[in-house]
Amino acid sequence: MEIKALIFDLDGVIVDTAKYHYLAWKEIADELGFFFSKEDNERLKGVSRMRSLDILLEVGAVKLDDDIKIQLATKKNERYVGMVKKMPADEILPGALSLLKSAKAKGYKIALGSASKNAMTILNQLNITDVFDVIIDGNKVSEAKPDPEVFLIGAKELNVKPKNCVVFEDAAAGVEAAHNGNMFCIGIGSEENLSEADILIPGFENFTINDFEKIIKKL
Ligand code: BG6
Ligand code: MG
């Protein structure tokens with residue numbers, strides 16, 4: 001398999017923002033009067049903000065009008081952005097920056113493929129915007145993962161065919177999106193949530209560009 005481009009999800013792959021998403025959603029659940037657990041939060045990974053709210057409300061068995069839902073999503077986002085803006089640059093997940101840089105140095109094209117509308121804020125906060133050749137975020141897509149749109153736009157803007165791209169994802173919806181786009185997918189996390197991934201690694205801590213090349217050489 002000839003791999004020319006690496007497409008990275010953001011939340012949970014490059015930075016552990018899931019904890020901030022969780023805290024901000026939990027405050028909304030608390031205000032609505034129900035408990036929102038960390039297990040419930042797993043279902044929000046990779047899905048859009050409004051879909052996340054629908055899942056949250058489903059957990060609490062709460063029904064609300066659309067205008068109230070928009071207000072709640074806005075409130076959650078303001079709290080979330082407040083937290084990520086205080087995040088120190090060293091919250092980038094271990095090994096992520098070194099993998100990004102060494103992949104780039106080896107000539108791979110690098111894209112971001114994230115559902116988040118806050119991707120630019122987070123990348124700026126981590127000082128890593130320049131590592132990406134192309135950044136596709138929640139503001140540039142109309143279909144949420146598992147639709148492959150975010151990755152297909154990334155491949156197109158990089159001028160690389162989908163079959164020559166590898167996606168790194170931590171969410172089941174993202175793995176499905178990569179496969180729907182005809183891309184090989186490396187899952188970041190555990191078998192429990194990511195059994196559909198082509199291969200699984202726990203994170204980038206002990207994962208170098210040489211490890212990556214060994215994997216793709218065998219395909
Ligand atoms: C994804 C996260 O990356 O972005 C989801 O995994 C989140 O949990 C989604 O809901 C949308 O993020 P944002 O920042 O636009 O609310
Ligand atoms: Mg993710």
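Values in this document were obtained by computation on a predicted structure and should not be read as measured data. We count ligands from 1, going down the list as the structure has it; atoms in each ligand are counted the same way.
Among the backbone and side-chain atoms of D170, an N, O or S atom lies under 2.8 Å from the Mg ion (ligand 2).
Looking at S116 and D137, their side chains never bring a donor and an acceptor atom within 3.5 Å of each other.
With respect to K75 and E27, no salt bridge is recorded, no charged nitrogen being found less than 4.0 Å from a carboxylate O. Residues D30 and K26 are paired through a salt bridge, judged by an N-O separation under 4.0 Å between the basic side chain and the carboxylate.
Among I55, V47, N118, the residue whose heavy atom sits closest to atom 10 (O) of ligand 1 is V47.
Between Y80 and ligand 1, no N or O atom pair is found at a separation short of 3.5 Å. Checking only distances, D9 never comes within under 3.5 Å of ligand 1, N or O to N or O.
Using a 4.0 Å cutoff on heavy atoms, A171 does not count as a contact of ligand 1. Contact between G46 and ligand 1 is present, with at least one heavy atom of the residue lying under 4.0 Å from the ligand. Within the 4.0 Å heavy-atom shell around ligand 1 one does not find L10.
Nearest heavy atom pair, residue L126 against residue E91, reads CD2-C, 4.5 Å.
In this structure, K104 fails the cation-pi test against Y108, since its NZ or CZ atom is not both closer than 6.0 Å to the six-membered ring centre and inside 45 degrees of the ring normal.
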| message | Pair I201, I188 - check side-chain contact (heavy atoms from CB on, under 4.5 Å), show working. | response | CA-CA 5 Å; I201 57 172; I188 310 294; 3.7 Å; yes
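Counting heavy atoms under 4.0 Å from ligand 1, residue S52 touches it through the side chain alone. Heavy atoms of H21 found under 4.0 angstrom from ligand 1 belong exclusively to the side chain.
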